[in-house]
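These notes are about the structure you will find just below.
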Amino acid sequence: MEPQQVQKAQKIVPVPTLHFGEGALAGRVVRLDRDVATIGRRDDNAYVIPDPRVSRLHAEIRKEASAVIVTDLGSSAGTKVNGEEIHGPAVIRHGDRVSFGPVTATFEDPAAASQAEDATMVFEVPKVETGPHLSPRQQQVLELMAEGMTNSEIGEQLGVTERTVKAYAQELYDKLGVRNRAGAVAEAAKLGLL
């Protein structure tokens, strides 16, 4: 019998999303995880909106550096950002409402959300520690989680049992106010702990 190979968990990276809140698509979330992709009702689009009022090939969504850009591709019903029709490439920002014809979604960018406050500051404010204080061992566990290591791999690296790693992980979840690894890594990144 061959020993099972343990697969390393992938690093968790928050990606921008479109959240549909109305009509037949209410509650649907589209993860914008590609650098360049099309959106429309046709099945060969990377992001499919199964609504007859959306063009077959409606718009292009492109990620460049820290920006997300939407471009209408000659759709019959048009593409709007915050109610204004776009006639070329338009950068969308966290909280913007993007409409593909009559179907509207809210754009959410976890990375930009944490930077939004910094971008609007006019003067420098002394940095005050607002996040939870982590012990050195909790910080190590958090960093290894962010690298995608399993509890077993973390335990091996730190010289502790998997059970001890699970205890540290639970302490992290409690301190960060989250329920799982993905939440811990995202919240820690937002608080500047990673």
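Open room surrounds CZ on Arg56; 12 or fewer heavy atoms of other groups in view lie less than 6.0 Å from it. Other residues, nucleotides and ligands contribute over 12 non-hydrogen atoms within 6.0 Å of the NZ atom of Lys175.
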Next on the checklist: The test is side chain to side chain contact (heavy atoms under 4.5 Å, CB included); show your working for Leu172 and Val141 and say whether it passes.
Outcome noted: CA-CA 9 Å; Leu172 282 168; Val141 170; 4.0 Å; yes
Item to check | Test log, rule side chain to side chain contact (heavy atoms under 4.5 Å, CB included), inputs Leu191 and Leu176 | outcome: CA-CA 9 Å; Leu191 295 172; Leu176 296 171; 4.0 Å; yes
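The two residues His58 and Val54 make their nearest non-hydrogen contact at ND1-CG1, 3.6 Å. For the residue pair Met145 and Arg181, the shortest heavy atom distance occurs at CG-NH1, 3.7 Å. Taking all atoms of both residues into account, the shortest heavy-atom contact from Leu193 to Leu134 is CD1-CD1, 4.0 Å. Here the closest non-hydrogen pair linking Gly148 and Glu153 is O-OE1, 4.3 Å.
Put simply, the side chain of Val70 reaches to within 4.5 Å of the side chain of Thr79, judged on heavy atoms.
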When the side chains of residues 154-161 are checked against the rest of the protein, which donor-acceptor pairs come out under 3.5 Å, sequence neighbours left out?
unit_1: Thr161; atom_1: OG1; unit_2: Thr164; atom_2: N; d: 3.1
unit_1: Thr161; atom_1: OG1; unit_2: Thr164; atom_2: OG1; d: 2.9

Donor-acceptor contacts under 3.5 Å from residues 97-106 side chains, at least two apart:
unit_1: Arg97; atom_1: NH1; unit_2: Thr106; atom_2: OG1; d: 3.4
unit_1: Arg97; atom_1: NH2; unit_2: Glu22; atom_2: OE2; d: 3.0
unit_1: Ser99; atom_1: OG; unit_2: Thr104; atom_2: OG1; d: 2.8

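Remark: the backbone N or O of Val48 is not paired with any side-chain donor or acceptor of Asn45 at under 3.5 angstrom.
With 3.5 Å as the limit, one finds no donor-acceptor pair spanning the side chains of Asn82 and Arg93.
Grouped by direct or indirect side-chain proximity (heavy atoms under 4.5 Å, Ile/Leu/Val/Met/Phe/Trp/Tyr only), Val29 sits alone.
Separating the CG atom in Asp72 from the NZ atom in Lys80 is a distance of 11.5 Å, to the nearest 0.5 Å.
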